[in-house]
Amino acid sequence: MNELSDLLELSKSVAVNAGSIVLENSKKNEKEFAFSDEHKKEVKAREDKILEQYIIEKLKPTGLSILSEESGYFTNDNKTKFQFIIDPLDGTFNFVKDLGPCAISIALWDDKKPLFGVVFDLQNQQLFWGGKKFGSYCNEKKIEVSQVNLIDEASVCTGFPVRFNLESISEMKNFIELVKPFAKVRMLGSAAMSLVNVSKGSCEIYSEKNIMIWDVAGGLAIIEGAGGKFQIEKASEKWSYNVLASNGHLNLE
């Protein structure tokens, strides 16, 4: 537990410092971005690379493997299954357009199990962190999932990730069936912050298909620490998953 605590404190510090760097940089310079050649709806900003370089530089001395959105997988030199999963800037389009929530996400997983997550909310400059063994917090204030147990009183955060096929009638029908029972549906443009909202009781469900693991790794750990539950299953592309996370009080059958 001491080793985990040290890694958690390091991750918290790195996330906050990275947030300060990118916020200061964005004040001095116009936000530059471009649409990806590989995925036409995916946006990449200068800050994606700036943040990734800083975060990896700070985490590499731990000797643990690192999976990052921008650069892929860095393997470690030891036999542990611990690995950092980072999204240097989740919600890039929101960030460059000043449109909504965006965040820095750092998680530590043991193979396929989250140990802790750290999400720095750039819009409000708040640090969310936690895991099953730690509980979950906003800065130093404990957060918990809501107690809502009726679907028709619950809200769901979701979205259409870059890899979602909007031209598929069956996919769209499945999406409508998913959201139809809920009282409210919200699309925030940041998976990490959507999961944070479930963790702090602002909504009850997060569900998204074909979402990349780095988008959700930190938030899923925080949900567990806040008393919630999640399910993930492998999707069509490498590192992509179908994710369902909830407050744990709803009957979703």
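Listed for the N139 side chain is no donor-acceptor partner under 3.5 Å among the backbone atoms of K141. Between the T92 side chain and the L89 main chain, a donor and an acceptor come within less than 3.5 Å of each other. A distance-only check finds no donor-acceptor pair linking the side chain of S194 to the backbone of C157 [under 3.5 Å]. The backbone N or O of N124 sits less than 3.5 Å from a side-chain atom of D121, completing a donor-acceptor pair. Between the side chain of S13 and the backbone N or O of E9 there is no donor-acceptor pair closer than 3.5 Å. Between the side chain of D87 and the backbone N or O of I104 there is no donor-acceptor pair closer than 3.5 Å. The main-chain N or O of E237 is found under 3.5 Å from a side-chain atom of K234 such that the two form a donor-acceptor pair. No donor-acceptor pair under 3.5 Å is formed between the side chain of S240 and the backbone N or O of N210. Looking at D48, its side chain never comes within 3.5 Å of a backbone N or O of K44 through a donor-acceptor pair. Checking side-chain atoms of W109 against main-chain N and O of L115 turns up no donor-acceptor pair under 3.5 Å.
Side chains of S105 and D215: no donor on one and acceptor on the other come within 3.5 Å. A donor and an acceptor atom, one from each side chain of E233 and N242, are located under 3.5 Å apart. There is a side-chain donor-acceptor pair under 3.5 Å between E204 and S146.
Separating the CG atom in L220 from the OH atom in Y241 is a distance of 11.0 Å, to the nearest 0.5 Å. Rounding to the nearest 0.5 Å places OG of S155 at 10.0 Å from NZ of K184. Atom-to-atom distance recorded for K58:NZ and S11:OG is 13.0 Å, nearest 0.5 angstrom. With rounding to the nearest 0.5 angstrom, the CD1 atom of I176 is 12.0 Å from the CD atom of E171. We find the CG-NZ distance between L244 and K209 to be 10.5 Å, quoted to the nearest 0.5 Å. Atom CD1 of I85 is separated from atom CE of M212 by 11.5 Å, given to the nearest 0.5 angstrom.
Closest non-hydrogen pair, Y137 versus I143, comes out as N-CG1, 3.7 Å. Minimum interatomic distance between V198 and S246 (heavy atoms only, all atoms of both residues): CG1-C, 4.0 Å. What you find for A221 and G117 is that their closest heavy atoms are CB-N, 3.3 Å. Contact detail for T80 and F82: the closest heavy-atom pair is OG1-N, 3.0 Å. Taking all atoms of both residues into account, the shortest heavy-atom contact from P88 to L51 is O-CD1, 3.0 Å. Between G218 and V119, the shortest heavy-atom distance links the atoms C-CG2, 4.3 Å.
Looking at F74 and I56, their side chains come closer than 4.5 Å, going by heavy atoms from C-beta outward. Counting heavy atoms from C-beta on, the side chains of L67 and I86 never come closer than 4.5 Å. Side-chain contact between L108 and L64: present, with at least one pair of heavy atoms (C-beta onward) separated by less than 4.5 Å. Counting only heavy atoms from C-beta outward, the side chains of M172 and L166 approach each other to under 4.5 Å. A heavy-atom distance below 4.5 Å is not found between the side chains of K229 and E224. Looking at L195 and V216, their side chains come closer than 4.5 Å, going by heavy atoms from C-beta outward. Side-chain contact between S68 and W214 is absent, with no heavy-atom pair separated by less than 4.5 Å. Taking 4.5 Å as the limit, some side-chain heavy atom of M187 sits within range of a side-chain heavy atom of T158.
If you chain together hydrophobic residues whose side chains sit under 4.5 Å apart, L4 and I223 never meet in one group. The hydrophobic clustering, which links ILVMFWY residues whose side-chain heavy atoms are closer than 4.5 Å, places V156 and I232 apart. Linking ILVMFWY side-chain heavy atoms closer than 4.5 Å, directly or via other members, places L150 and L250 in two distinct hydrophobic clusters. The same ILVMFWY cluster, assembled from side-chain heavy atoms under 4.5 Å apart, contains both W129 and I55. Criterion: ILVMFWY side-chain heavy atoms under 4.5 Å apart, direct or through other members. Under it, I211 and L252 are not part of a common hydrophobic cluster.
No more than 12 heavy atoms of other residues, nucleotides or ligands shown are found within 6.0 angstrom of NZ on K113. No more than 12 heavy-atom neighbours from other residues, nucleotides or ligands sit within 6.0 angstrom of CD on Q53.
Note on ring orientation: taking the six-membered ring where Trp is involved, the planes of F134 and F116 are perpendicular (angle over 60°, cut-offs 30° and 60°).
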Evaluate the criterion side-chain contact (heavy atoms from CB on, under 4.5 Å) for residue pair E208 and F164; output intermediate values, then yes/no. CA-CA 9 Å; E208 206 155 348; F164 188 91; over 6 Å; no
Given S199 and F128, is the side-chain contact (heavy atoms from CB on, under 4.5 Å) satisfied, shown in steps? CA-CA 9 Å; S199 301; F128 292 89; over 6 Å; no
side-chain contact (heavy atoms from CB on, under 4.5 Å) between V118 and F120: does it pass, once the steps are laid out? CA-CA 7 Å; V118 174; F120 184 71; 5.7 Å; no
Checking I66 against K60 for the side-chain contact (heavy atoms from CB on, under 4.5 Å) test, could you report, in this order, the C-alpha distance in whole Å, the side-chain angles of both residues, the deciding distance, and whether it holds? CA-CA 8 Å; I66 301 172; K60 262 192 171 181; 4.0 Å; yes
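Applying the ring-ring contact (aromatic ring centres under 6.0 Å, His included) test to residues at least two apart or on different chains, the pairs with a partner in residues 172-211 are F160-F175.
A side-chain contact (heavy atoms from CB on, under 4.5 Å) with K12 holds for exactly one of V16, L10, L8; it is L8.
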Determine all donor-acceptor pairs shorter than 3.5 Å in which one atom belongs to a side chain in residues 94-103; sequence neighbours excluded.
unit_1 : atom_1 : unit_2 : atom_2 : d
N94    : ND2    : P101   : O      : 2.8
N94    : ND2    : L188   : O      : 2.8

